[in-house]
Every structure is written in C-alpha cells, then in structure tokens.
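Chain letters run A, B, ... following the sequence lines, proteins first, then strands; residues in each count from 1.
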Amino acid sequence: MHNQSLKLGVDLNGLTLHNPITVASGTFGFGREYSEYIDLNQIGAISVKGLTLEPRSGNEGIRIVETSMGMLNSVGLQNPGVHAFIKKEIPFLRQYQTKIIANINGNNIEEYCEMAQILSNEDVDSLELNISCPNVKNGGLAFGTNPEVVKEVVSKVRKHAKKHLIVKLSPNVTDIKAIAKIVEEEGADCIALINTLSGMAIDIYKRKPVLNRISGGLSGPAVKPVALRMVYEVAQTVKIPVLGMGGISNTTDAVEFLLAGATALAIGTANFANPKVTAEILNGIETYMRTYQYDDINQLIGDLR
Amino acid sequence: MHNQSLKLGVDLNGLTLHNPITVASGTFGFGREYSEYIDLNQIGAISVKGLTLEPRSGNEGIRIVETSMGMLNSVGLQNPGVHAFIKKEIPFLRQYQTKIIANINGNNIEEYCEMAQILSNEDVDSLELNISCPNVKNGGLAFGTNPEVVKEVVSKVRKHAKKHLIVKLSPNVTDIKAIAKIVEEEGADCIALINTLSGMAIDIYKRKPVLNRISGGLSGPAVKPVALRMVYEVAQTVKIPVLGMGGISNTTDAVEFLLAGATALAIGTANFANPKVTAEILNGIETYMRTYQYDDINQLIGDLR
Amino acid sequence: MKFQGLVRIISKKEINNEVFTLCVERPKAIESIKAGQFFNIKTSAYGSPMLRRPISVSSYDEDSIEFTIKVIGDGTKQLHQYEVNEKIDIMGPLGNGFEYSNEQEILVIGGGIGIAPVKGLLEVLKRENPNIKVTTILGFKDEPYLEETFKALSDTLKIVSETDSRYQKGFVTEPLKTIIGKPFQMTYACGPTPMLKAITPVLNAAEMPVQLLMEEKMACGIGACLVCTCKIKEGDFGYKHQRMCKDGPMFYGSEVIFDA
Amino acid sequence: MKFQGLVRIISKKEINNEVFTLCVERPKAIESIKAGQFFNIKTSAYGSPMLRRPISVSSYDEDSIEFTIKVIGDGTKQLHQYEVNEKIDIMGPLGNGFEYSNEQEILVIGGGIGIAPVKGLLEVLKRENPNIKVTTILGFKDEPYLEETFKALSDTLKIVSETDSRYQKGFVTEPLKTIIGKPFQMTYACGPTPMLKAITPVLNAAEMPVQLLMEEKMACGIGACLVCTCKIKEGDFGYKHQRMCKDGPMFYGSEVIFDA
Ligand SMILES: Cc1cc2nc3c(=O)[nH]c(=O)nc-3n(C[C@H](O)[C@H](O)[C@H](O)COP(=O)(O)OP(=O)(O)OC[C@H]3O[C@@H](n4cnc5c(N)ncnc54)[C@H](O)[C@@H]3O)c2cc1C
Ligand SMILES: Cc1cc2nc3c(=O)[nH]c(=O)nc-3n(C[C@H](O)[C@H](O)[C@H](O)COP(=O)(O)OP(=O)(O)OC[C@H]3O[C@@H](n4cnc5c(N)ncnc54)[C@H](O)[C@@H]3O)c2cc1C
Ligand SMILES: Cc1cc2nc3c(=O)[nH]c(=O)nc-3n(C[C@H](O)[C@H](O)[C@H](O)COP(=O)(O)O)c2cc1C
Ligand SMILES: Cc1cc2nc3c(=O)[nH]c(=O)nc-3n(C[C@H](O)[C@H](O)[C@H](O)COP(=O)(O)O)c2cc1C
Ligand code: FES
Ligand code: FES
C-alpha cells in the first residue's frame, strides 16, 4: 500500500531521505529502544541523542515536568561521548536504511569544530549543529541566541565539516529570520528548527523550582503554533531547505509544516505518547496526498494558496 | 469564609488591590458580560479591552484558532475608542470595588502619549501601556521587541502619564530581562507580562493560513511554562512589582506565579473555559495560605526556598 | 446571575451513527429560553479541548433542555461519551435566538445539523400557535435524519440530499426556487455558511425577510473576547463587526455581509 | 517487536475509595512478563495528559494482566473512568522487574500503592514454590487495604499505619528493626522513595540484599529519552545515571545513591 506511485523522497540540499519523516534528537536515543516498536526503515532519518566530545552524565535531580500538552526537560546532554557513538551506535543504525544525523554539542567553538572534524571521517550522513540546547551551562542556548556568536560558530564549524551540515536554531529569539539568514550565509546546507522553548515550573509543595537548573526546554503540542510560525518565517527567508519540528503529533500538524515550507519534518515528544506515530503520520500524509492529488511530496512543500 | 484573618491586599507600587487576582486585557471586555456570571467585586482589578484613540473595527476573517491547550487570537484591537470607553464603560465599572486598568495602544508614539494624557484626567486607576500586541500592523509588537524603541516610548509616555503606569511586555524576545530593566529605568511603576506568543496555524483543507494576518497571539495553559520563566527572570531583575500572567488556569498555576515573584496575577484565556475561575483561584490561594501558614499574601510572593 | 454549572443528563439517544441527542435537567436558575439560543458546553473535565463548544437548544420545556449533536472532532466525541445520570458543565442560554411573533405562515430552511435549532423553533411555534402553516425545506449531504419529526412539525416538507438517491438531489436552493415569492411572513434558516450565503441573496431579492442562525468559532461565548464576528452592513466603518455569540447568532439576511 | 496497542478491559474492582484494579486481556504478542515490570498506559484518547502513566503489573497469568491503581491526579482519574469491555492503550511489559531464583525464605516490604507489584511478586513466587516462607511488612498512611490478600500470601504479616489506630502506629522501619538480621535470602521492597531511602541503609548495614522497585516521572518509558534516572554508585563519573525505566525500576539497595 505504501508508496503506491507516490513520490515521498526529499532532498535536504545534499541529504536525501526516502521520506520526509525524521525523529528529533534526544527523543529517540540511538534508535535501539524504538526499534522494538517500529521498523526503523520507515523513518527517513534519525537524529541521534545530542553528542559531546566526552561522555556526559547529564543533569542531576528531576529532569522532566509534564505541562499542559507539553513537557519541560532538563536532561543536560547525557550521552556516551562521540567515540562510543562511533563504535557502538553507527554500526547498529547502519543495519537500517534510515539516514544518520549526528547532533553535535560543544562547550566552546573549538569543541564544536573538533566534533565536526571527527565525525566528518565517520559513516554518518549529516551533522546537526545544536546551538540551541537550553539545558547546559556552557554553550547551547548562549550560542544560538546571539547573532555574532552564531556567525562565528557556523563559519568555523563549516570549515571542519566535510559532511552535510544542518544548523539547529533556538526559538528563544526576537528575530529568527535574522539568525537563519546568517546561518545560510555562513554555508549551512539546511536549517533545523525549533529546539525547545525555555520554560519553568515550580513545585508549590516544596516551594522550589522543580528543575535544578531552574528552567528547562519546553516541547510537545503546546509549542506547535510557535514552531509553525518560525518554520514559515524561515522558509520565507532562506533558500536552503528547512527541517521543521516542534510539537508535531499527527497528520494535520505534519501537513501544516510541509505547507509552511518545511522540506522534512522531525517528530520528537510525540514518540513518547505513541511509539508508532512516525509511521502513522507518514501514512496520513500519503492519504492527504491522494485526496489532494499530489503525486510528489515536493509539490506539497510550501504549497500555500 | 473569605478573608478570615488572611491579608490578601497587594500594592503594585501605587496601585493597591484588595486581592492579587486581576483579569487580562482583551479577555474580559469591559466586565459587563462576565458580571452576569461572577461578582466583579471579587476581582482585584480589571484590565479592559485594549483601547485606541479612535474606534477600531478589528481584523477581518477568522480571529481564533484553538490549539493544544491554547488558542491563537487575531482580534486586532477591536474597540470603541478611548472616548466611548470614558463615557460608557468607566461609569459601569465604577459600580464595583474592582480597580480599573486602562490598556492603551497607539499606532505611533504620539498616539500612546495622547492616550496617556487623556486618560490621566479620567477616573481610571492605572494605565497599562501595551507595547506587545502582535495583531496590528503598526505599533504593537514592533515596539515591544526593540530595546531602543521601548526606551523611547516608555520615557515619553511616562511624561504624559499622571497615573500609575504599567508597561506590558512581549515574550517574543531573546532577553526579557534587558527589556524589563529599560522599562524600570524609564520610570514605569510596574511591569506586566506576558502578552501572547507569536504563533501560526494553517488550514490544511484550504491550504491557507487560518488567520488573515498569518500569525496570531498564542495564550492559554500551553504558554504557562514560558510565562512563568519570564516572570521569574524579570522579578529577579527589577525592583518594581510584576503583574504576572500567561496561561494561569488554576490554583497551582497561580501559586507558582506568586512564588516566582509576581505581586499580582492576571487571568485571561482561562475565563473562557470557566467564567468563575478568578473566584475559584482566589479561594484556592486562601486554602494554600492556610495550609502553608501564610497570613499575608505578601509573605508568599517570591518565597522560593 | 446567569447559569453556568453542572446539570444531570436525563436521556441520550442515537439518531444515526453521527448524530445523537442529550437531554439534560433544566436548572431552576434558567428563567427563560428562546429557540435559536445556545449553550456553551465544557466537553471534558480534563482540560483538552480547552474551549467550550457552542450547541443550540433543539428542544426545551420547563424541566429539560435537549441538544442534538453531530460528532465532528474531539469535543463532540467527548460529548458523545457522556452517559445518562452523568453531569455536564453548561453555560447559558446564550445569544439572541430567533425573533418570533405570531406569524401565521412561515418558511423554514435547515441544512445538516442546522436542523437542530430549527426543530426547537418549530416545536415552540406549534405550541404557541397550533394553526401556524409551516413549509420546511431540509438539505443533507448524505442520508436525511429526523424526517418523521419534521413531518409532524410541517405542513409541507421537502427534503434534498447531495447523495441519497431516494430524495431530490441537490441543495436547498432547488426547492427554494419553486416557492420563492409565496407570502411567508418570515423565513427562518440555519445551516452551514455556504448554504446561508446561497439562500440569502435569493430571499433578499424576493424581499422575503429571513432570520439566519449563523455559526463561528467561539471562545467566551458571551461577547467578551471578540473572536467571533458577523460582518454587518452600515456602521462606523461602512460596516461593523458584531459579535456572533452575543449580538447573534441570529441576524437578518438583509444586514449580513458575506465575505469570501 | 514489543507490544503497544489496545487491550480489552475484562474486569474492574474498587478496593477502596482511592484504589481500584483493572484487569485486561493479555495480548498473544506478549510472550513473557516478570513481576516488578510495568506497562506505560495512555490514560486519555484526547491528548491530555499527553504522557503515558507507568503502572506495575499487580498480577498476571496466561490470559490476563492486572493493574492496581491509586487515583492521584488526572491520569489516574481517567484510568478510573474506564469500564469493562472498553479498550485501553498499553505498552510493555517494561523495565527489568524483580530478579527471583528459588529463594526459600524472603522478606517483602510494601508501602502504600507500592504493595501492588509486591502482590504480583508473591503470587508468582508462591506459584513456583508453594513452600516458600514469606515475611511481609506493609505500611500505609491511612487505612490498610488488600490485607486479606496479603494474609493469604504471607507466613508472617505485619501492618503499620500512620493514622489507623487498629494497627501498629508508624513506619515500616519499626517492624523491620525487630527482624533485621534474620536469614532472609532476599528482601523485595516497593514504596515511596522516602520509605526506600529509610530502609536501604538499615538493610545494607545488616548485609541483607534488597531489591528496590523504584519510581520516577517518565516520558518514553523505554529508555530512549533519559528523563528518568537512578543514580548508581561507581561508573564513569564516580557515579552514573541509569535509566529508571529501562535499567530499572529494580535496583539493588547496595548500588543506589539516594540524593536529597
Ligand atoms: C451558535 C452555534 C450553535 C451550534 N449548534 C450546534 C448544534 O446544535 N449541534 C451540533 O452538532 N453542532 C452545533 N454547532 C457546531 C459545534 O459547535 C461544532 O461542531 C463543534 O464545536 C465542533 O467541535 P469538535 O471539538 O467536535 O470539533 P473540532 O475539533 O473543533 O473540529 C472540527 C473537525 O473538523 C475537521 N475539519 C475542519 N475543517 C475541515 C474541512 N474543510 N474538511 C474536512 N474536515 C475539516 C477538523 O480536522 C476537525 O477534526 C454550533 C455552533 C455554533 C457557533
Ligand atoms: C515504574 C512505576 C510503576 C508504578 N506502578 C504503579 C502502580 O502499580 N499503581 C499506581 O497506582 N501507581 C503506580 N505508579 C505511580 C503512577 O505512575 C503515578 O501515580 C501516576 O503517574 C500519577 O499520574 P496522575 O496523572 O494521576 O497524577 P499527576 O497529575 O501526574 O500528579 C500527581 C498529583 O499529585 C499532586 N502532588 C504532587 N506533589 C504533591 C505533594 N508534595 N503534596 C500534595 N500533592 C502533590 C499534584 O498536584 C498532582 O495532582 C508507578 C510509577 C512508576 C514509575
Ligand atoms: C527529552 C528531550 C531531549 C532532547 N535532547 C536534545 C538534544 O540532545 N539535542 C537537540 O538538538 N535537541 C534535543 N531536544 C529537542 C528536540 O530535538 C526538538 O527540537 C524539540 O523537542 C521540539 O520538537 P517536539 O516538540 O516534537 O519534541 C530534546 C527534546 C526532548 C523532549
Ligand atoms: C482574545 C484575546 C484578546 C487579547 N487582547 C489584548 C489586548 O487588547 N491588550 C493586551 O494588552 N493584551 C491582550 N491579550 C493578551 C492577554 O491580556 C494576556 O496577556 C495573554 O492572553 C496571556 O494570558 P492568558 O494565557 O491567561 O490568556 C488578549 C488575549 C486574548 C486571548
Ligand atoms: S466568543 Fe467571545 S465574543 Fe463571541
Ligand atoms: S522515561 Fe525515557 S528513558 Fe526513562
């Protein structure tokens, strides 16, 4: 039934996916756990858990707060480090036809560059420069919200990245278009957005912020309207393709992002509620395409009237 | 049962309220409609529908999209104009012991000043400078997100405003603390936040943005974590009191905002689901105060451990 | 004070596999109801969807209020899951409702679930004036429902359907053409906006007064938030935006501007 | 492939006014279950709350799985509204579960709703070895429940309550003191974190091995998102963060670091 004459492949400016549905970094581990619930071959690409040069134990204390149709997380980039990823996780993921996107995170610009360098020689399909993580002290959000720093980090990493390079933006900015333009100018192949919105919760019984680091990253359906607006704005602004995400949970959401101009989509938080959501959305998109008589997904992308 | 020895009065730096629960501009009209469902005397203050110098018909087309635990609105400041407000609405509201906050909106700085001037001579308790409305072409959001413009508009309006002056901030900024500091420096008596987040929705059947003006303002429980984070940040930054709002829907939310440092709260979107929510929250706060042995609400404000 | 609170469900009836009725106890606090008014109903105690859903009164008496509801999305699905004796949070009655005053001969036009408030209207009119002459036109996309009910309430009943071949095929405008100009004192209509938009110029041209019961997405439902509008001829701006929920949902065909 | 999907509710039973059981059909696809494992359950078809709720298996056989649930907030309230024959979306079994291997004499400690998985464990152990000697300590805040069930599953049963004066007053640590050092081959414990934190040093000091079934807020429930952690002694950082949902929820008392 799948693919029956429908063309679903997309090209993110050098990174080709057999369908536009990817999973968002940090929500899908390295694919192992979800492989017991869903055929990973059905997923266009997997952006793996955010990697750092050295292993990280992540943040202490409570790491999650459920909010109204959303969640705050404060994982703090717990990961086994880039070398363990290369050794243990790439071979696992290569069993599947899904593309591998390595999400990279540095404490400073040099670390970003070093990781880009290392991974350029490894069997991954794309590097996703995460300059937008709100949950670590150094780097992350600070990089992603200051236009000058964005310029510097992207231009330097570009020199070391011999692979397809995605830059993932923070939504916690006044003007996402300006940041996107800089990222395009500095040579990124693709822009991913949005990372999480910075948010907070207080435990009224303990009278303390729930999260040790006070604020965390908001994701899930709650943020979708903001994400869609930013994806639309960026798609209107840059020529490089956009990998859209933020609260996508069902077919309607997915089609909205495609119509807004995203060439591919990432599903994050929605996997937690429904481990098969990626396949269901792909199916739903195909039905939509049949109903509205698109035979190539690329016709649908940005097709607002 | 109410007030049984509990002190609920707060002072927003010159604007005293008999309790900290107010209603947010644009969600409560001029109080008339809700007066049939709830005793307006129970509400600390009413911020009236955003006023402009001349009457406005508001935006064309669909004005609302329901989103996951939130809504996008694009009302576009439909209002009868400041003069009709003075003539017809102030006398109505003065029947109650609730304070009157006049929410003012200009197409340019001169209009803001003119409105401040006019209302300074009228029987209102406070002026709320809305430099954050996302739903109009001129003014609004553009004012609220540019620090230099914020500085100019607040300093000029301050000169014309002979009343208590609240400045209401837009959350669509990289650094809310910087904006808040400017507002404080330029002489505002109080800071209100957040206004709505800028968001979007697409009608996948018509393949068009649902709202004529493409984006609208997101409010409701979905935005609460972002609002709480910003209220906390601003309360940590400025000395003038904060009027906190954004998604407050129940007692837990309200107590979180108080603990985060808000001196008073505004309830907006939650009124739509429950017209008695303000009274219920006030009740809930009293119960919380008894449980945690506060006899004055002012002890609770900012009381994070 | 107006009513907002919990009421007990007295009965529930499936009309077809999409449409059902809920009948609730009428609270003492509600002194009067008019046909064409609606209630804003909280569909879930757990927040989502956040907003209430406006549902017209499809019948009422001293002790009860009936709603006839079509399942569309999550909100109406949740309403469908309520069972007899459970309580539901309603708010109202809201809106202006139909204006009726002793007409002797009327035309009513209902489309789809828009027949619900029309049914409520005809019941009241028949109660107040058993001799009233009623011509009814109903239009459905698929298989008609409540046919027997409307037969009993009408002197003449015409039903059209877009797909059900046992009925005249097409839209309500077809039977309307054949009776346009007859001496109805009033026409009452409720249905999807495209239907109202189609019949209004026809009736206006024939100088037949028509009351349109209209629809818009709502939030507060009481006129406070200004998210629901009806564009009305004349006014401060060459037109004006009235509130669908408070100034409507009934507007006269002669005053409404239908935009694209 | 592991199981995630809809299962039919076979029976529902109220234990007291806060606690109830749901028994569901065991899908064929689930080959094995271990006591101490849990399922991640979608409480609402309408989105809110968005996340699933982890609930331990309190009993199982070839045809059915039982959950014993305490109503706390919206999620568990929604679970309570399900009726027999309705279907519910479950995912699992998840986590490591208890490790059991032919012990002859064991101690089990349950606190509050933490008695649910302990019940499941005892049923399995008794099934596999009817001669096993079981000493059980249960602690409740208020009135105890499932007392008869545990009487039947235990050779010695001690119950404490913080408020119900018909029982020994206090916490499980009181009766624990009196039997500490007895030759139990294994202790199994489940209850609120403060209880586990209180008993662990006592058991560790007596060199009594203990399996703790622990709790943390979860999102994915399968080990992918890293929001649920258990801090474990030793590892790359002088300690390491293990995943409560995947590497746990059972950890040995000797390996856990209890932070403030
Ligand atoms: C004054 C008033 C009175 C009313 N009276 C009644 C009444 O008596 N009985 C009654 O049943 N209803 C009545 N309605 C309508 C009723 O309020 C809505 O049907 C209800 O709010 C829908 O809520 P929902 O949550 O079920 O659907 P929602 O989730 O709000 O959404 C609509 C669904 O339709 C889908 N959809 C939207 N557009 C399209 C499209 N172009 N093509 C295909 N699918 C689409 C969406 O995906 C969604 O699933 C009235 C409305 C008003 C304003
Ligand atoms: C592995 C595992 C197994 C589990 N097994 C079971 C089981 O078998 N049976 C079972 O019943 N539960 C079990 N639980 C716990 C269960 O998952 C939770 O009770 C459930 O997720 C609560 O969801 P909820 O939506 O009902 O409550 P939530 O809405 O998530 O919230 C908790 C409520 O408690 C209130 N609250 C929070 N902190 C305080 C405080 N300090 N004082 C007062 N009120 C407070 C909040 O306001 C809220 O209303 C298990 C948990 C785990 C991790
Ligand atoms: C638990 C969790 C962990 C995350 N970790 C990362 C990460 O390591 N790197 C990254 O770029 N984004 C991370 N994100 C952000 C997501 O990739 C995504 O941008 C965001 O959640 C919005 O999408 P969603 O609403 O579909 O989840 C994380 C999100 C969640 C919920
Ligand atoms: C329908 C609607 C209209 C609004 N109109 C105004 C307005 O005129 N002036 C203003 O300052 N804020 C306006 N707001 C913003 C609210 O006052 C408030 O800042 C925002 O909705 C966040 O609070 P809430 O989530 O509790 O609604 C409006 C909000 C809504 C939902
Ligand atoms: S819904 Fe608020 S004014 Fe109509
Ligand atoms: S809940 Fe996702 S790792 Fe445990």
Side-chain angles (χ1 to χ4, degrees), chain A residues 65 67-72 144-147 170-175 179 197-210 214-218 220-233 247 249 251-260 288 291-292 300 303-305, chain B residues 65 67-72 144-147 170-175 179 197-210 214-218 220-233 247 249 251-260 288 291-292 300 303-305:
Chain A
V65 191
T67 65
S68 290
M69 289 309 276
M71 59 178 268
L72 289 165
T145 58
N146 181 329
S170 168
N172 302 293
V173 296
T174 307
D175 186 358
I179 307 261
L197 280 167
S198 179
M200 180 178 177
I202 290 173
D203 181 332
I204 66 164
Y205 309 105
K206 298 194 181 138
R207 284 169 281 182
K208 279 187 183 151
V210 180
I214 297 176
S215 66
L218 184 65
V223 309
K224 196 206 82 175
V226 174
L228 185 68
R229 189 260 300 175
M230 289 190 167
V231 163
Y232 174 81
E233 286 182 353
S249 310
T251 301
T252 304
D253 296 339
V255 172
E256 284 186 77
F257 275 78
L258 291 168
L259 288 169
Y288 181 87
T291 309
Y292 288 85
L300 169 56
D303 191 28
L304 284 178
R305 269 84 212 272
Chain B
V65 191
T67 66
S68 290
M69 289 309 275
M71 60 178 267
L72 289 165
T145 58
N146 181 330
S170 167
N172 302 293
V173 297
T174 307
D175 186 359
I179 306 261
L197 279 168
S198 178
M200 179 179 178
I202 290 174
D203 182 331
I204 67 164
Y205 309 106
K206 296 192 183 139
R207 284 169 281 184
K208 279 188 184 150
V210 180
I214 296 176
S215 66
L218 184 66
V223 310
K224 194 207 83 176
V226 174
L228 184 68
R229 188 259 301 175
M230 290 189 166
V231 163
Y232 174 81
E233 286 182 353
S249 310
T251 301
T252 304
D253 296 339
V255 173
E256 285 186 77
F257 275 78
L258 292 168
L259 288 170
Y288 181 88
T291 309
Y292 288 85
L300 170 55
D303 191 29
L304 283 179
R305 269 87 212 269

**Study point:** Nearest non-hydrogen partners of Arg229(B) and Ser198(A), listed with the distance
**Key:** NE-O, 3.0 Å
Exercise for review: Would you mind telling me which of Ile214(A), Ile202(A), Asp203(A) makes a side-chain contact (heavy atoms from CB on, under 4.5 Å) with Leu304(B)?
Suggested key: Ile202(A)
Point to revise | Leading residue by heavy atom contact count with chain A [cutoff under 4.5 Å; candidates Met200(B), Met230(B), Lys206(B), Lys224(B)] | key: Met200(B)
Revision key, fill the gap. Looking only at Gly247(A), Ala201(A), Gly220(A), Ala227(A), the option with the highest number of non-hydrogen pairs under 4.5 Å against chain B is Ala201(A)
**Study point:** For chain B, the option from Met69(A), Glu256(A), Glu233(A) that forms the most heavy-atom pairs under 4.5 Å
**Key:** Glu256(A)
Study note, to complete from the structure: Cut-off 4.5 Å, heavy atoms of chain A, and the answer for Leu258(B) is neither
Review point. Between Asp303(B) and Arg207(A), does a side chain to side chain contact (heavy atoms under 4.5 Å, CB included) hold up when you go through it step by step?
Key: CA-CA 7 Å; Asp303(B) 191 29; Arg207(A) 284 169 281 182; 4.2 Å; yes
Exercise for review: Measure Thr252(B) against the heavy atoms of chain A and call it side chain, backbone, both or neither at under 4.5 Å.
Suggested key: both
**Study point:** Side chain / backbone / both / neither for Leu228(B) at chain A, heavy atoms under 4.5 Å
**Key:** both
Practice item. Could you tell me which non-hydrogen atom of Lys208(A) sits nearest to which non-hydrogen atom of Arg305(B), and how far apart they are? Key: CG-O, 3.8 Å
Revision key, fill the gap. side-chain contact (heavy atoms from CB on, under 4.5 Å) test vs Ile204(B) passes for just one of Thr251(A), Asp253(A), Val255(A), namely Val255(A)
Exercise for review: Check whether Tyr288(B) gets within reach of chain A through its side chain, its backbone, both or neither, counting any heavy atom under 4.5 Å.
Suggested key: side chain
Review point. What is the minimum heavy-atom distance between Thr174(A) and Val173(B), and which atoms define it?
Key: OG1-CA, 3.2 Å
Practice item. Kindly give the heavy-atom pair with the smallest separation between Leu218(A) and Ala222(B), and that separation in Å. Key: CD2-O, 4.0 Å
